[in-house]
A.B. asks: 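Mind having a look at this structure? Questions to follow.
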Amino acid sequence: MCGIIGCTGGFDTAAVLLQGLSKLEYRGYDSAGIAVLCVDGIEVVKCRGRLSNLSELVSGKDFGDCPVGIGHTRWATHGEPNDINSHPHISRDGRFCVVHNGIIENYMEIRDGLMSQGYEFVSETDSEVIAHLLEFNFRGDVIQCLRETVSQLEGSYALGVLCREKPDMLYSARKDSPLVLGLTEKGGIIASDIPAILSHTRDIYIAEDGEIAAVGRDEIVFYDQLGNIMDKDAVHVDWEVDSAEKGGFEHFMLKEIHEEPSAVRATLGNDAFDHMEITKPDRIQIIACGTAYHAGVVGKYIIEETAGIPVEVEVASEYRYRNQIVGKNHLTIVISQSGETIDTLFAMRKAKKLGSRIIALVNVVGSSIAREADDVFYTRAGPEIAVASTKAYSTQLAAMYMLADKLSDGTIGSKTLADIPGMIERIISKREDIQRFASELFGGSSIFFIGRGLDFALSMEGSLKLKEISYIHSEAYAGGELKHGTIALIEEGTPVICSMTQPHLFSKMAGNVKEIQARGAKVLVITTEDLAEEAAKVADMVVTIPEIDPIYAPVTAVVPMQLFAYYCAVLRGCDVDKPRNLAKSVTVE
Ligand code: G6P
């Protein structure tokens, strides 16, 4: 989703903006732009398409001495991706220039009001209203003007603002869209997320809703909603700069799969649950989106199995708009890699308002969900750059096991958990087998994933991974549900990936495999070493994972699925790390 960068002070402004935008590319975007504030006004360069197009345009310019600038990668919501709709947007009189993440819900109303005052709009975006509204509200004091402007906006926003009257300042504001700030020896810097400024500073100020910041070369002044100057502490982020770089791997996704053993190890080292008082709840609800939702589905199986507590898992966007029945002794678990997914954030707020206690499993330190939850467990995956989530999922599962252990008074135990990183290493070392199977199956137009119990939960994630990066149509089905519809789609050569890691369901699954094979399916089975011989009797291809207590199987068995999706996407020539239409952090509804 859109990305913001801005800097002021002694930086090489255009270069820092372009470099920052390159760090935000992973969020997903379809156009990009920068604006610099120079002696003779604000200059904007923007265009549709990849950052390389923008870099080319910028390289032809001589910006001279321009100490302040803002940049943006846009993921289109209002208006198609084209040069005009790209950010930054400039006010009619050229005094203000704005980059915006989020959605201004009342932009039509504001636009009509401004048009009746003679303002003309050049773009189809909701964001352009902010630039003109700033001009309309300006009476000489930028902070006052920004306060008045944001008070008229409904919806979500993170803003970077330039004002011609203040040639060495940069301004920001936020509501429900992430924004971080930092102060370095060279000057102040803002961005929509941490990796974009990590090479400049590790001491990060996290903007809160309603706050406005005036960013100068030597200081950042924060204002609260009432316009009072406030004290704010920086959070120290100890992510390695390298962890946001590819480090010799062809893609971030492959690198992040290789980081799973260390990420899971780091997560297992987090003792945050030991410090949480958790009374056994009557019911648990898990709320999340995408891959995090799939981690929640696994969580449901393991918590119900080990702690005997009923668990419901719900997609956050659905949770928000239903009548929820939340009792006194209910616990809500919110799962989010970014901690900024807007549906998850709003669903969490709803659950909180209904009186539920919230425990959040979040990766990004200091993110909105982490801050607003009653308790937070950080998954310690480190920065995840590829849009397709891999190490975030396995660390979310690790956290789920730890929480299940806590809720079941130690039923799970830590012995097998500690073995998991080594098992993942072994699976990765056999990646060439998976690459070979991918090379046999990547041409399929549809690939199905089936499993039962925990294997079904896992199949949902395997299928999502494949479709999001390889664009192969894929669906996950419960093995027993196949014959109620999906089996009609199986024809000669249709690839089906079958997870068979659960011994008590093995013979049932073997029956399902026979049914689809009889109709021509090409079957790849993922199973444990001890079940491999049996699996070979029904499968066309077998991928084995180390023998493991079945309850833990998803956290290791997902790795071959991630690698399979990765190799299929590479073989199909897809942009693995930045799949079309997708965004890493979905900060709009
Ligand atoms: C987007 C990402 C997915 C992610 C989902 C939830 O769709 O592309 O990879 O699983 O958002 O994100 P979160 O940050 O809340 O885990």
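In what follows, residues are counted from 1 in the order of the sequence shown.
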A.B. asks: State whether the side chain of Asp577 and the backbone N or O of Ile385 hold a donor-acceptor pair below 3.5 Å, judged by distance alone.
C.D. replies: no
A.B. asks: Pairs in or reaching into residues 355-373: which pass salt bridge (charged side-chain N to carboxylate O under 4.0 Å, His left out), with residues at least two apart or in two chains?
C.D. replies: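 As it turns out, the salt bridge (charged side-chain N to carboxylate O under 4.0 Å, His left out) pairs with a partner in residues 355-373, which skip direct neighbours, are Glu208-Arg371, Arg349-Glu372, Arg357-Asp375.
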A.B. asks: Are the side chain of Glu461 and the backbone of Ala295 linked by a donor-acceptor contact shorter than 3.5 Å?
C.D. replies: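 Between the backbone of Ala295 and the side chain of Glu461 there is no qualifying donor-acceptor contact (under 3.5 Å).
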A.B. asks: Would you call Thr149 and Val161 a side-chain contact if the rule is heavy atoms closer than 4.5 Å?
C.D. replies: no
A.B. asks: Please test Tyr319 against Glu312 for side-chain contact (heavy atoms from CB on, under 4.5 Å), starting from the C-alpha separation and ending with a verdict.
C.D. replies: CA-CA 11 Å; Tyr319 184 91; Glu312 283 168 63; over 6 Å; no
A.B. asks: Can you measure from CD1 (Ile189) to OG (Ser199) and round to the nearest 0.5 angstrom?
C.D. replies: 7.0 Å
A.B. asks: For the side chain of Asp374 and the backbone of Ile358, is there at least one donor-acceptor N/O pair under 3.5 Å apart?
C.D. replies: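 Between the backbone of Ile358 and the side chain of Asp374 there is a qualifying donor-acceptor contact (under 3.5 Å).
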A.B. asks: Only one of Lys232, Arg174, Arg147 forms a salt bridge (Lys or Arg N to Asp or Glu O under 4.0 Å) with Glu211, so which one is it?
C.D. replies: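 That would be Lys232.
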A.B. asks: Is the backbone of Tyr107 close enough, under 3.5 Å, to the side chain of Asp126 for a donor and an acceptor to pair up by distance?
C.D. replies: no
A.B. asks: Side-chain donor-acceptor contacts of residues 395-402 below 3.5 Å, not counting sequence neighbours, with atom names and distances?
C.D. replies:
from	atom 1	to	atom 2	distance (Å)
Thr395	OG1	Lys391	O	2.9
Thr395	OG1	Ala392	O	2.9
Tyr401	OH	Ile551	O	2.7

A.B. asks: Please check this pair: side chain of Lys406 against backbone of Phe273, looking for a donor-acceptor N/O pair closer than 3.5 Å.
C.D. replies: yes
A.B. asks: Please determine whether the number of non-hydrogen atoms from other residues, nucleotides or ligands lying under 6.0 Å from atom CD1 of Ile325 exceeds 12.
C.D. replies: no
A.B. asks: Tell me yes or no: between the side chains of Thr291 and Ser389, is some donor less than 3.5 Å from an acceptor?
C.D. replies: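 The criterion, which ignores hydrogens and geometry beyond distance, is not satisfied for Ser389 and Thr291.
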A.B. asks: Which value, rounded to the nearest 0.5 Å, describes the distance between Ile130 atom CD1 and Leu159 atom CG?
C.D. replies: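 Nearest 0.5 Å value for the CD1-CG distance: 5.0 Å.
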A.B. asks: Under the rule for ring-ring contact (aromatic ring centres under 6.0 Å, His included), what residues qualify as partners of His100, not counting sequence neighbours?
C.D. replies: none
A.B. asks: Check whether any side-chain heavy atom of Tyr552 lies under 4.5 Å from a side-chain heavy atom of Met423, and answer yes or no.
C.D. replies: no
A.B. asks: Below 30° counts as parallel, above 60° as perpendicular, anything between as tilted: where do the rings of Phe222 and Tyr205 land?
C.D. replies: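 Because their plane-to-plane angle lies in the 30° to 60° range, the rings of Phe222 and Tyr205 count as tilted.
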A.B. asks: For a salt bridge (Lys or Arg N to Asp or Glu O under 4.0 Å) with Lys584, tell me which candidate from Glu25, Glu256, Glu384 qualifies.
C.D. replies: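 By the salt bridge (Lys or Arg N to Asp or Glu O under 4.0 Å) criterion, Lys584 pairs with just one of Glu25, Glu256, Glu384: Glu384.
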A.B. asks: Are the side chain of Tyr471 and the backbone N or O of Arg580 linked by a donor-acceptor pair below 3.5 Å?
C.D. replies: yes
A.B. asks: Going from CE on Met169 to CG on Leu162, what distance comes out if it is rounded to the nearest 0.5 angstrom?
C.D. replies: 11.5 Å
A.B. asks: If we check side-chain contact (heavy atoms from CB on, under 4.5 Å) with Tyr157, which of these qualifies: Val150, Val98, Leu179, Asp176?
C.D. replies: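 The residue from Val150, Val98, Leu179, Asp176 that satisfies side-chain contact (heavy atoms from CB on, under 4.5 Å) with Tyr157 turns out to be Val150.
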A.B. asks: Please check this pair: side chain of Ser192 against backbone of Ile4, looking for a donor-acceptor N/O pair closer than 3.5 Å.
C.D. replies: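 Confirmed, Ser192 side chain pairs with Ile4 backbone.
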A.B. asks: If you count heavy atoms of other groups shown closer than 6.0 angstrom to CG of Asp271, is the number above 12?
C.D. replies: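 Enclosed: over 12 neighbouring heavy atoms sit under 6.0 Å from CG of Asp271.
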A.B. asks: Check whether any side-chain N or O of Ser31 sits under 3.5 Å from a backbone N or O of Pro81 as a donor-acceptor pair, and report yes or no.
C.D. replies: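 Checked: no pair found.
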A.B. asks: For Ala158, does its backbone N or O pair with a side-chain atom of Asn101 as donor and acceptor, under 3.5 Å?
C.D. replies: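 Here the side-chain-to-backbone pair does not exist.
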A.B. asks: Can you find a pair of side-chain heavy atoms, one from Leu21 and one from Ile34, that are under 4.5 Å apart?
C.D. replies: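 Leu21 vs Ile34: side chains touch.
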A.B. asks: Measuring from atom OG1 of Thr390 to atom CD of Gln562, what distance do you get when rounded to the nearest 0.5 angstrom?
C.D. replies: 5.0 Å
A.B. asks: Just to verify, which of Val264, Thr267, Ile257, Ile420 counts as forming a side-chain contact (heavy atoms from CB on, under 4.5 Å) with Ser394?
C.D. replies: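 Result for side-chain contact (heavy atoms from CB on, under 4.5 Å) with Ser394: Val264.
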A.B. asks: If we ignore hydrogens and angles and just use 3.5 Å, is the side chain of Asn106 paired with the main-chain N or O of Glu154 as donor and acceptor?
C.D. replies: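 Present.
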A.B. asks: Could I get the full list of salt bridge (charged side-chain N to carboxylate O under 4.0 Å, His left out) partners for Glu340, not counting sequence neighbours?
C.D. replies: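 Per chain and number, Glu340 pairs via salt bridge (charged side-chain N to carboxylate O under 4.0 Å, His left out) with no residue.
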A.B. asks: Is the closest side-chain donor-acceptor distance between Thr125 and Asn85 under 3.5 Å?
C.D. replies: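 No, because no side-chain N or O of Thr125 sits under 3.5 Å from a partner of the opposite role on Asn85.
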A.B. asks: Considering only NZ, NE, NH1 and NH2 on the basic side and carboxylate oxygens on the acidic side, decide whether Glu304 and Lys300 come within less than 4.0 Å.
C.D. replies: yes
A.B. asks: Can you tell if the side chain of Ser408 reaches within under 4.5 Å of the side chain of Ile309, non-hydrogen atoms only?
C.D. replies: no
A.B. asks: Can you measure from CD (Glu468) to OG (Ser474) and round to the nearest 0.5 angstrom?
C.D. replies: 11.0 Å
A.B. asks: Could you check whether atom CD of Glu305 has more than 12 heavy atoms from other residues, nucleotides or ligands sitting under 6.0 Å from it?
C.D. replies: no
A.B. asks: Does anything in residues 186-195 form a salt bridge (charged side-chain N to carboxylate O under 4.0 Å, His left out)? List the pairs, not counting sequence neighbours.
C.D. replies: Arg27-Asp193
A.B. asks: Residues in salt bridge (charged side-chain N to carboxylate O under 4.0 Å, His left out) with Lys175, at least two apart?
C.D. replies: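 For Lys175 there are no salt bridge (charged side-chain N to carboxylate O under 4.0 Å, His left out) partners, ignoring immediate neighbours.
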A.B. asks: When rounded to the nearest 0.5 angstrom, what distance separates CG in Leu51 from NZ in Lys23?
C.D. replies: 11.5 Å
